[in-house]
Structure formats: C-alpha cells, structure tokens
Amino acid sequence: MKKSCETKEKLLQVGFDLIWDNSYGSVSVDDICKRAGINEGSFYHFFPSKADLAVAAYEEHWKEKRPAMDRIFSSQTPPLQRLQNWCQYVYDGQREKAEKYGHVCGCPYATVGSEIATLDEKIRAKSEQLMNAGRKYIETAIADAMREGLVAVNNPVTAAMTLQSLLLGMLVEARVQNDLKVLENLEATVMNILGAKEIAA
C-alpha cells in the first residue's frame with residue numbers, strides 16, 4: 001500500500017512539474033513515466049488519461065500551496081501587509097522555479113487552463129476553480145482594508161478580479177520575456193490600483 005501511494009505521489013509531482021515547465025500538449029504519458037521511473041501500466045492503474053492526471057496533480061499542488069496562503073492572508077496580519085506578503089510570495093515562487101528550470105514558468109493554473117480551455121472541460125474547470133480559490137484570499141484582504149479605510153476601492157470582488165487579472169498578465173509577460181524584472185513592480189502596482197492610503201512597513 002505504501003509503495004502504491006508513493007508511486008501515485010511520484011506521478012502527480014512529476015506530471016505537474018513537466019506540464020508547468022513545458023506545456024500540457026508537449027508532455028506525453030511516456031515522458032511522465034520515464035521521468036518518474038514508472039511503467040505505463042502503473043500510470044493507467046491510477047489515472048485513466050493524461051487529463052485525469054493533470055486535474056489530480058493541480059488539485060494536489062493547491063493542497064500543498066494552501067497552508068502558505070492561509071499564513072500569508074491570516075486575519076492576524078494587517079490587510080495591506082497581507083497583500084505585500086502575497087506579492088513577495090509570488091515573486092519568490094517564480095524566482096525559485098526559474099532557478100530550477102532555467103526559465104520563468106508563469107502561473108501553472110492559467111498556463112494550462114488557457115492552453116486547454118477549448119479542448120478539455122475537466123482541465124478548464126479545475127483551472128478556473130483553483131484560480132477562483134486564490135482570488136478569494138485577495139478579496140478578503142481588500143474587504144478588510146476597506147473596513148479600515150486603507151484603500152480607495154469600494155467593491156472587493158471587482159478589485160480582487162482586477163488584481164488577479166493584473167497578476168496573470170504580468171506572469172504571462174514574464175514567461176514570454178523570460179524575465180523576472182517584469183514582476184518587480186507588482187506590489188507598487190497593486191497598491192496604486194487599490195489607492196492604498198498607507199503601506200504596512
């Protein structure tokens with residue numbers, strides 16, 4: 001049982017990394033199995049298709065990421081500082097992946113979602129679900145900042161959607177240019193869009 005779980009976890013991790021590093025279309029089941037050191041029979045024992053692996057891998061990635069998001073967006077942290085910490089978290093994560101893979105990877109959910117949106121509904125829906133889950137954290141921080149009179153916006157839902165769109169656009173540009181400098185002004189741009197009246201130290 002332990003070996004079976006380890007095999008599945010290996011496939012999930014390798015599948016996620018390969019797809020994020022390259023693209024969904026360019027990665028085959030054979031590529032995933034070779035990288036994981038697992039035969040294709042074992043792959044299909046756990047996953048009916050590459051799409052099913054992708055959905056499960058992205059869900060697993062979110063489960064691993066969620067504790068960090070909970071910490072960053074803790075209600076014990078001032079709302080603007082939460083957003084500052086989030087911007088730094090995004091930058092640090094992209095830098096770490098760039099050092100590992102040799103290029104900027106961008107947002108894993110948006111990248112695969114935009115690539116496959118018209119081809120596979122399961123992957124599109126999972127990408128949308130996970131992006132929405134991330135946006136809820138931003139929305140809550142903005143709502144708290146509004147209550148404290150720290151920002152000029154008056155609709156946390158709309159503002160969170162705007163910030164998420166900004167981030168996704170910057171991540172796409174950073175990936176295309178293969179340049180993390182694109183993300184260096186993320187925090188300042190976020191605060192400017194919100195009309196932040198003070199920035200936590």
How close do S49 and K122 get, counting heavy atoms only, and between which atoms? OG-NZ, 4.3 Å

Rounded to the nearest 0.5 angstrom, the NZ-CH2 distance for K65 and W62 is 5.5 Å

To the nearest 0.5 Å, atom CD of Q88 lies from atom CG of L186 at 9.5 Å

Any side-chain heavy-atom pair from Y58 and I19 closer than 4.5 angstrom? yes

Using every non-hydrogen atom in the two residues, find where C105 and D21 come nearest and quote the distance to one decimal. SG-CA, 4.4 Å

Before giving the answer on side-chain contact (heavy atoms from CB on, under 4.5 Å), spell out for C87 and Y91 the whole-Å C-alpha distance, their side-chain angles and the decisive distance to 0.1 Å. CA-CA 6 Å; C87 291; Y91 184 86; over 6 Å; no

Ignoring hydrogens and angles, state whether a donor on the side chain of S26 or S23 is under 3.5 Å from an acceptor on the partner side chain. yes

Heavy atoms of K126 and V55 approach each other most closely as CE-CG1, 3.8 Å

Donor-acceptor pair, distance only, cut-off 3.5 Å: does the side chain of W20 make one with the backbone of G15? no

Heavy-atom side-chain contact between L83 and M191 under 4.5 Å: yes

Side-chain heavy-atom pair L163, L194 within 4.5 angstrom cut-off: yes

In sequence, state the C-alpha distance, the side-chain angles, and the governing distance for L53 and F16, and then conclude on side-chain contact (heavy atoms from CB on, under 4.5 Å). CA-CA 9 Å; L53 167 70; F16 180 84; over 6 Å; no

Smallest separation among heavy atoms of V153 and M146, with atom names: O-CG, 3.6 Å

Establish, from distance only, whether the side-chain atoms of Y24 and D120 form a donor-acceptor pair under 3.5 Å. no

Heavy-atom neighbours of D92 CG exceed 12 at 6.0 Å: yes

Tell me the closest heavy-atom pair linking A160 and I142, and the distance in Å. N-CD1, 3.6 Å

Just wondering, more than 12 heavy atoms not from K10 lying within 6.0 Å of its NZ? no

Interatomic distance, R175 atom CZ to K97 atom NZ [nearest 0.5 angstrom]: 13.0 Å

According to a 4.5 Å side-chain heavy-atom criterion applied to Ile, Leu, Val, Met, Phe, Trp and Tyr, with indirect links allowed, do V112 and V172 form part of one hydrophobic cluster? no

With the threshold set at 4.0 Å, does a side-chain nitrogen-carboxylate oxygen contact exist between D144 and R82? yes

Donor-acceptor pair, N22 side chain versus L18 backbone, under 3.5 Å? yes

Whether K50 side chain and V27 backbone form a donor-acceptor pair below 3.5 Å: yes

In plain terms, say whether E121 and R124 are close enough for a salt bridge, that is, a side-chain N and a carboxylate O under 4.0 Å apart. yes

Closer than 3.5 angstrom, by distance alone: can the side chain of Q164 be matched with the main-chain N or O of M131 as a donor-acceptor pair? yes

What's the spacing between E187 CD and L80 CG if we round to 0.5 Å? 9.5 Å

Start with the C-alpha distance between L11 and F46, add both sets of side-chain angles, then the distance that settles side-chain contact (heavy atoms from CB on, under 4.5 Å), and finish with yes or no. CA-CA 9 Å; L11 285 168; F46 294 108; 4.0 Å; yes

Partner of L183 under side-chain contact (heavy atoms from CB on, under 4.5 Å), picked from N185, L180, D179, is L180

dist Q94:CD -> H103:NE2 (nearest 0.5 Å) comes out at 11.0 Å

Would the distance check show the side chain of T158 and the main-chain N or O of N155 forming a donor-acceptor pair, the cut-off being under 3.5 Å? no

Can you hop from M69 to M161 via hydrophobic side chains spaced under 4.5 Å? no

R135, CZ atom: more than 12 neighbouring heavy atoms under 6.0 Å: yes

Joint hydrophobic cluster, L166 plus Y109, side-chain heavy atoms closer than 4.5 Å: yes

Exercise: identify the closest heavy-atom pair between P79 and E148: CD-OE2, 3.6 Å

Stepwise side-chain contact (heavy atoms from CB on, under 4.5 Å) test for W86 and Q81: CA-CA 8 Å; W86 168 64; Q81 188 178 333; over 6 Å; no

Rounded to the nearest 0.5 Å, what separation is found between the CD atom of E60 and the CD atom of E9? 7.0 Å

Look only at the side chain of S42 and the backbone of I38, and say whether a donor-acceptor pair between them is shorter than 3.5 Å. no

Check: P108 main-chain N/O paired with T111 side-chain donor or acceptor under 3.5 Å: no

With hydrophobic residues grouped by side-chain heavy-atom distances under 4.5 Å, do F47 and Y44 end up in a single group? yes

Are the charged groups of K100 and D17 less than 4.0 angstrom apart, N to O? yes

Strictly below 4.0 Å, N to O, side chains only: are R66 and D70 in salt-bridge contact? no

Is the shortest heavy-atom distance from the side chain of E59 to the side chain of L130 under 4.5 Å? yes

Decide yes or no for I32 and S28: does some side-chain heavy atom of the first lie under 4.5 Å from some side-chain heavy atom of the second? no

